[in-house]
Amino acid sequence: MDRKDNQSPQGETARILVEFLEVAITSIVFLKGIYPPGAFERRKYMNLVVHSARHPELRDYIHSAVSGLHPFIQKGLVERVAVIFFNSDSIPVERFIFKLTVNQSYGSRVEEADLEFSLRSFFIKLPFSESLTRVLPQARCVSFSFITDCRWEITAYFRSLPQTSTSKDAELWIPTDIQQWQQPPLITPIKSMSSEPLSVQLYLEHPGLSEPKA
């Protein structure tokens, strides 16, 4: 997204956050290893080496999903963004959760360098979280559209539902039919930051020990 000089603090914060989420979600998908290494390429972001999706369908899915959240993040409507991995029975086995708070009353100029400095720590921490994650089915995806034993998706949790009658962006999002866990999940914190006008938490969710097995 291009920066606009007349953008509100919330709009500028949302722009930075959307760019961060796109790279972070791609990094998570790479970390889980469900696609061949050739589906990604190394690039620089925030002066760090990260992985970017080379496969056009994979890249476009992540980009369109996250960029479609921009107006809702700007208004403070998005509470969480989740990257959810499923087993062959379409039951969630792992969730990477980004919990977001954009200060709607913040009126000062957004210092992009300061926000990026805080957010880059997530990319430093993320590779070390691999030992905390669950092993997914061993079958690999030979293309973005073909997954044999596992699948994943991006899900947004809204504080209040946007009105489709007043926003074309809202039409891109439909209510989810994801099967929910019956018991509270096990939560493992990965990284958090709090800096005006933005707070972000990243944590893992796994089924509780008493969760019925599929």
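Please read all numbers here as calculations on a predicted model, not as lab measurements. Just so you know, residue 1 is the first one in the sequence shown, and it goes up from there.
- Side-chain atoms of Val23 and Phe122, non-hydrogen and from C-beta on, never get closer than 4.5 Å to each other.
- When atom types are taken as modelled, the side chain of Glu12 and the backbone of Arg109 share no donor-acceptor pair closer than 3.5 angstrom.
- Ionic pairing of Arg15 and Glu19 is present here: one or more N-O contacts between side-chain nitrogen and carboxylate oxygen are shorter than 4.0 angstrom.
- Side chain of Asp89 to backbone of Ile91: no donor-acceptor contact under 3.5 angstrom is found.
- Of the inter-residue distances, the one linking Ser90 atom OG with Ile84 atom CD1 reads 12.0 Å to the nearest 0.5 angstrom.
- A donor-acceptor pair under 3.5 Å is formed between the side chain of Gln104 and the backbone N or O of Gln74.
- No donor-acceptor pair closer than 3.5 Å links the side chain of Arg42 to the backbone N or O of Val49.
- Side-chain contact check for Ser67 versus Glu22: every heavy-atom pair is 4.5 Å or farther apart.
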**OP:** Start with the C-alpha distance between Trp152 and Tyr61, add both sets of side-chain angles, then the distance that settles ring pair (Phe, Tyr, Trp, His ring centres under 6.0 Å), and finish with yes or no.
**Re:** CA-CA 11 Å; Trp152 68 279; Tyr61 169 63; 5.4 Å; yes
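- Note: Leu186 CG to Glu94 CD = 11.5 Å, rounded to the nearest 0.5 Å.
- Under the 30°/60° scheme for interplanar angles, the aromatic rings of Phe40 and Phe30 are found to stand perpendicular.
- Phe123 is linked by a ring-ring contact (aromatic ring centres under 6.0 Å, His included) to Phe20, Tyr45, counting only residues two or more places apart in sequence or in another chain.
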